[in-house]
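Below is one structure, written out as structure tokens; the observations come after it.
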Amino acid sequence: MKAFFATFKHDTWVMPYLRKYKKLLALTLFLGLMTFFCGSALMFNSGYLISKAARHPYNILMIYVPIVLTRAFGIGRPAFRYAERITSHNWVLRIVSDFRKKLYQAVAKHAVAIRQNFQTGDVLSILADDIDHIENLYLRTVFPTVIAWMMYLIIVIALGYFSWWFGLLMFLMLGLIVIVMPLWSVLLNGARETQSRKIQQTFYTQLTDAVMGLGDWLISGRQTDFNDRQTAPIDEIASLRRADHRFQWWRDFTIQLLFGVICIALLIWSSFYWTTDKASSNWIAAFVLSVFPLVDAFQSVSQGVSEWPSYQRSIRRVNALDTTPTDETDQTVLTESFSQLQVADLDFQYAEANHQIFKHLNLTLTAGEKLALLGPSGTGKSTLLKLILGDLQPTNGSVQLNDVPISRLQNERATLFGVLDQQPYLFNTSIMNNVRMGNPDATDAEVKAALTSVELAPLIDGLPDGYETIVEEGGARFSGGERQRIALARILLQDAPIIILDEPTVSLDPITEAHLLATVFRVLQDKTILWVTHHLAGINYVDQVRFLEAGQFDMAGTPQELYATAPRFKRLYDLDQGHE
Amino acid sequence: MFDPALFKLPGMRRLTVILGLLAVVEGICIIIQAQFLSLAIVGLWHLQTLATIVQPMLIFAIAWTGRQLLVVFKNRLMYPIVEKTSGDMRRQVMQKLYRLGPSYVAKTGTGNVVTTALEGIDKVQTYLMLVVIKVIDMMVIPWVILIYIAWLRWREALFLLAIFPLIIVFMIILGYAAQAKADKQYVGYQRMSNHFVDTLRGLPTLKQLGLSKSYATNVYRVSEGYRKQTMAVIKVAMLSTFALDFFTTLSIAVVAVFLGFGLVNGTISLLPALVILVLSPDYFLPLRTFASDYHATLNGKNAFADVQKMLALPVPTHRDQLGTQPLDWQADSDLRLSQVNFSYDGEQPALSQLDLTAKGYQRIGIIGASGSGKSTLINLLGGFLTPEADQGSIKVNGQAVSHLNQTAWQQSFFYIPQNPYLFHATLAENIAFYQPEAGISAIGQAAAKAGLTDWIETLPDGLATQIGEGARGVSGGQAQRIALARAFLDSSRKILLFDEPTAHLDIETEAALKQTILPVFENHLVFFATHRLHWINQMDYVLVLDHGKIVEQGTPAELAAHNGAYVRLRDEMVGAI
């Protein structure tokens with residue numbers, strides 16, 4: 001219980017949306033209620049109809065009203081149900097649109113412009129799934145439960161109107177079905193859910209291990225080990241499912257038995273209350289038969305509620321996202337054109353780490369200069385880029401553009417920096433749209449000119465859909481080198497003075513790499529370039545080289561100077577050229 | 001509706017008969033329950049006392065309980081078969097996977113394979129659990145009830161009988177209409193539904209382009225568009241449920257009115273009329289429960305077919321042409337390929353007319369532009385790909401084999417790809433993957449030879465540190481060293497297959513790693529596919545590939561001497577052209 005309320009304490013995802021679109025929500029609940037009301041009323045009315053008819057009324061008009069009502073309820077139930085389903089889906093999908101926008105904004109706030117990795121992709125998919133989960137929370141748990149509770153109230157009040165003690169009895173008995181059983185389910189399921197997730201997770205890891213490491217398994221010849229390894233989780237999953245199923249069978253059985261008891265209780269009550277005269281005894285069949293259509297509505301509550309623990313996790317995760325708006329005071333603009341980027345006496349250390357990444361780092365880049373940054377992985381090349389872009393704040397020292405701290409230029413960023421990283425993202429739309437993202441105001445001719453200067457025009461002209469070709473998910477339609485060229489065209493349109501190249505060729509073969517670098521440095525001739533690279537191919541395109549080692553630059557100079565004076569550089573260069 | 005493959009499951013035929021009989025009993029329970037409930041109501045209607053209806057109430061209670069018990073009982077009877085089937089299926093899938101090997105995974109995608117084995121089989125389980133009992137119920141219970149109703153009064157029975165196929169026909173027609181509607185919008189629909197994840201993944205790029213803020217409106221707009229399209233499909237799709245609902249409830253209403261007229265005219269008395277009224281919802285109930293789970297069963301049915309299809313895939317045979325023990329590769333052993341061809345799925349050849357001889361402890365470099373077939377050749381040599389049958393020949397020490405997916409061959413080499421896979425296990429277990437019995441000191445020595453000692457010392461639990469999926473991150477260079485440690489630990493495997501092991505590493509890491517790799521070459525037959533030129537200097541033989549063909553082969557010196565493909569390739573790689 002405590003956990004339940006804790007989930008909603010700082011909730012900004014579930015409750016606010018119940019208030020938004022109130023009318024549509026009320027309509028949904030009303031239609032749901034009417035569905036079950038009509039179902040029950042149909043049987044109630046039919047029971048009354050035939051009881052009354054069995055009294056052989058002298059005139060058919062005596063049973064005319066029940067006949068009309070029977071037909072009305074008969075048509076009403078499916079019609080209301082259809083309408084309820086449509087409105088509930090409509091309501092939920094509306095909320096999903098809001099959710100998506102909200103999630104997008106929350107994630108956008110923390111998105112860092114440098115290097116998306118596989119893991120973040122995973123996290124994002126999880127968050128996107130969470131939204132779908134909350135969608136199901138409404139459809140499978142909230143709506144059925146609220147509707148069943150409203151029906152429950154109506155029944156108790158209606159019966160209480162005839163006799164208060166029977167109303168009270170039904171309050172208790174139906175309460176067992178719509179309140180106690182669901183609670184019991186969710187409590188039991190909560191415990192099982194945790195265990196189930198653990199087992200599922202192990203199985204998932206094992207399977208991924210088995211599938212991704214299949215080559216190693218095969219070569220090692222350890223077939224028996226391979227098979228044995230899967231046995232334990234398979235059995236655990238089986239016993240878990242078995243327990244789940246058993247619980248559900250007996251829970252449904254109990255609910256059905258309770259309905260049997262309610263039926264008998266109704267008969268007994270009727271024998272006291274409705275047997276005073278013939279006219280009132282016509283109501284007995286009505287009351288008893290109206291119970292059966294309720295079984296469906298009430299039984300689903302337990303199942304819906306027992307799914308709560310899995311929704312709870314999703315709700316917690318999205319609520320943990322920071323959705324407060326960013327502080328935008330103190331932002332400014334660069335008044336004159338870019339002349340100098342200066343990193344001065346910079347110290348940096350991640351808050352949670354005990355290891356200092358940069359110590360008194362200095363770097364100056366004047367307009368038009370081209371600098372290559374090298375260093376073994378883990379020395380903080382990416383961190384330095386994040387500091388330069390203002391995604392991270394230095395512990396000491398400063399990063400300035402024309403004497404303005406980069407932290408005050410965050411709104412200006414896209415006009416100052418263009419970034420080409422390892423895997424520039426292409427959106428699943430046309431080439432034209434992807435490139436135009438660099439400058440939404442660009443004309444078609446400008447977009448085409450950019451694509452021509454990155455030497456893609458012949459390729460695109462050869463495609464059946466030309467510039468309107470869809471790039472497919474993640475740009476899958478094109479090769480790695482082609483994707484980089486499309487992204488480069490996008491940067492050309494963006495026309496920022498400083499270009500950051502974050503290992504753009506790491507996943508390319510040397511021939512493609514050599515061609516791409518030639519293009520990059522040709523089209524970006526008049527830009528300032530900061531190029532992080534993993535090896536020395538194309539190093540002669542730059543004016544300056546820096547090697548990052550243990551938080552400082554340990555080699556610095558022009559490529560020619562370094563080749564002449566630094567033996568390490570010479571050795572690496574020769575290795576790269578295949579001379580060693 | 002009923003998949004014939006289901007009957008092939010062990011014990012299914014017998015179970016079907018038993019479940020059918022139990023459904024008859026359940027039908028009888030339903031009749032008894034209706035009969036005696038009605039009897040009790042009619043008793044009260046005649047203003048009799050409570051005492052007179054005690055007996056019918058009791059019988060009603062027993063029949064009601066019995067009916068619910070039967071439901072549980074049928075499930076319990078069904079479950080062991082379902083559990084066994086799904087468990088067996090998981091095992092079979094894993095075994096099949098082992099035999100299909102990594103080329104199957106590469107083709108199908110890791111995600112798809114994992115999904116089939118995990119969620120796919122879960123769906124199959126749900127499907128089996130739902131479909132068998134529900135279909136049998138639907139084929140038995142309504143008719144038991146209908147016979148009783150007909151015995152009471154044929155006119156209502158005839159009506160109920162006539163409406164049944166009508167419902168099914170309507171559901172099918174509307175189902176097709178919904179499908180057609182969904183199909184028509186499928187492409188746009190799919191793109192919109194993926195748009196959100198696409199946008200989230202592209203967020204860093206949007207930020208780089210300064211579009212991240214304004215794009216929020218776009219997200220909302222696309223999502224709203226998606227909602228409208230979805231609603232259009234749902235409106236049609238829900239019609240089939242509507243039809244079912246409409247016909248069943250209206251039928252009950254019509255029966256009630258029929259009975260009312262019958263009662264007024266005196267052609268039927270209250271008891272049978274009430275029984276018929278109570279029974280009519282139960283007549284439709286099995287159809288309704290089946291329909292409500294129809295989509296779950298549809299998913300399960302597809303998953304079931306997918307699993308069956310995977311299990312039916314052909315696997316490589318003749319894997320023991322070299323025996324089952326690892327080869328003893330010596331300085332005078334040889335591997336000869338002549339006129340070997342390979343193609344993916346019978347398309348144009350990926351490798352053609354391969355002629356190559358590898359002897360003893362040669363170091364063979366494989367170079368070529370990207371897409372020239374380097375990796376394909378390594379995979380062929382590793383036996384992960386099977387060459388075209390009946391074309392060319394492969395001989396190991398003079399023994400002809402039909403492919404290299406040989407138990408003995410595969411236990412004689414190490415395969416080191418660009419990104420060696422690290423298992424979710426301790427570092428020691430990862431190093432000892434090929435030698436699970438190796439002692440900790442041997443593992444430590446191998447790790448030292450692979451240059452891992454310094455790194456291990458920084459780890460909290462040393463060799464016992466958990467690495468791999470979801471655990472401690474390992475850099476690309478360290479992953480290569482772990483793979484090398486495996487080779488150092490097991491010196492009995494004399495053949496090494498490298499597939500671009502250093503392509504993605506930074507130059508300094510690569511330079512350091514090279515010093516570790518070179519000693520491993522001693523006394524090994526080495527195949528080394530690479531586009532990093534400096535490795536060629538360590539090779540004593542080079543194969544130059546172009547468009548799936550070996551266009552040149554010889555020692556590096558020979559190849560450098562005449563101005564052929566090798567020289568051209570080198571020039572192109574250093575950007576000289």
Side-chain angles (χ1 to χ4, degrees), chain A residues 46 49-50 53-54 67 70-71 74 77-78 82 85 89 93 97 100-101 104-105 108 111 113 116 121 124 128 205 207 209 211-215 218-221 230 234 238 249 253 256 260 271 275 281 284-285 376-377 414 419 425 427-428 437 509-511 514 534-535 572 575 577-578 580, chain B residues 41 44-45 47 50 64 68 72 75 87 90 94 102 110 113-114 196-198 200-205 207-210 212 216 219-220 223-224 227 234 238 242 245-246 249-250 253 256-257 259-260 263-264 270 273 370 410-411 421 423-424 434 475 506-509 531 533-534 572-573 575:
Chain A
S46 305
L49 168 67
I50 66 165
I67 286 177
T70 302
R71 286 178 183 152
R77 191 194 119 91
Y82 180 71
R85 288 196 158 192
H89 277 88
L93 288 171
S97 297
R100 288 190 162 167
K101 187 174 174 186
Y104 172 84
Q105 283 168 331
Q116 45 214 328
L124 295 176
T205 315
L207 263 176
D209 252 8
V211 174
M212 310 255 298
L214 191 58
L218 196 66
I219 302 166
S220 72
Q230 321 304 333
I234 288 176
W249 299 336
F253 175 79
Q256 292 282 0
S271 77
T275 49
S281 72
I284 298 172
S377 61
V419 181
Y425 198 82
F427 295 86
N428 191 3
M437 286 179 122
D509 69 282
I511 298 171
H534 67 295
H535 64 179
L572 293 175
L575 193 68
Q577 295 289 305
E580 192 179 284
Chain B
I41 294 173
L44 292 178
W45 184 78
L47 306 179
L50 181 61
W64 177 268
Q68 306 306 338
V72 177
N75 280 325
R90 282 191 213 276
M94 295 316 289
T110 311
V113 176
V114 173
F196 184 55
V197 177
D198 190 44
L200 286 184
R201 284 176 184 256
L203 247 176
T205 303
K207 195 152 188 176
Q208 286 162 12
L209 298 171
S212 59
V219 166
Y220 186 77
S223 187
E224 281 291 281
R227 174 177 68 86
I234 283 181
M238 296 276 180
F242 173 75
D245 247 14
F246 180 77
T249 43
L250 199 63
V257 173
L259 290 170
L263 285 161
V264 172
L270 181 59
S370 84
Q410 289 190 327
Q411 290 182 43
Y421 185 71
F423 291 90
H424 180 78
Y434 287 81
S475 76
D506 64 87
I507 185 82
E508 287 173 276
T509 307
H531 52 226
L533 289 172
H534 59 87
E572 210 174 350
M573 279 181 178

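In what follows, every chain begins at residue 1, and chains take the letters A, B, ... in the order their sequences are listed.
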Closest heavy-atom pair and its distance - B:T205, A:Y425 = OG1-CB, 3.2 Å
Residues in salt bridge (charged side-chain N to carboxylate O under 4.0 Å, His left out) with B:R227, at least two apart?
-> B:E224
Counting distance only, does the side-chain N/O of B:Y421 pair as donor-acceptor with the main-chain N or O of A:V211 below 3.5 Å?
-> no
Could you look at A:Q256 and say if it's the side chain, the backbone, both or neither that has a heavy atom under 4.5 Å from chain B?
-> both
Interface check, chain A: of B:G210, B:G260, B:A216, most non-hydrogen pairs under 4.5 Å belong to B:A216
Atom CG in A:D209, atom NE2 in B:H424: separation rounded to 0.5 Å?
-> 7.5 Å
Which pair of non-hydrogen atoms, one from A:W249 and one from B:V72, has the smallest distance, and what is that distance?
-> O-CG2, 4.0 Å
Among A:G74, A:P376, A:S97, who wins on heavy-atom pairs under 4.5 Å with chain B?
-> A:S97
Quick one: closest heavy-atom pair of B:A256 and A:T70, and the distance?
-> CB-CG2, 4.1 Å
About how many Å separate CD of B:Q68 and CZ of A:F253, when rounded to the nearest 0.5 Å?
-> 7.0 Å
Output the option from A:A414, A:A238, A:A53 having the highest count of non-hydrogen pairs under 4.5 Å with chain B.
-> A:A53
Any idea which of B:I234, B:L259, B:L47, B:L533 has the most non-hydrogen atom pairs under 4.5 angstrom with chain A?
-> B:L47
Which atom pair, heavy atoms only, marks the closest approach of B:E572 to A:A514?
-> O-CB, 4.4 Å
How close do A:I219 and B:Q410 get, heavy atom to heavy atom, and via which atoms?
-> CG2-O, 2.9 Å
In terms of heavy-atom pairs under 4.5 Å, which option from B:I41, B:D198, B:V113 contacts chain A the most?
-> B:D198
Specify which of A:I67, A:L49, A:L218, A:T275 makes the most heavy-atom pairs with chain B at under 4.5 Å.
-> A:L218
Kindly determine whether B:M94 and A:L207 satisfy side chain to side chain contact (heavy atoms under 4.5 Å, CB included), including the steps that lead there.
-> CA-CA 9 Å; B:M94 295 316 289; A:L207 263 176; 3.5 Å; yes
Sub-3.5 Å donor-acceptor pair from the side chain of B:Y434 to the main-chain atoms of A:G221, do we have one?
-> no
Between A:R71, A:H89, A:H535, the one whose heavy-atom pairs under 4.5 Å with chain B are most numerous = A:H535
Sort B:W64 into side chain, backbone, both or neither according to what part of it lies under 4.5 angstrom from a heavy atom of chain A.
-> side chain
Where is the tightest heavy-atom contact between B:S212 and A:Y104, given as atom of each residue plus distance?
-> O-OH, 2.7 Å
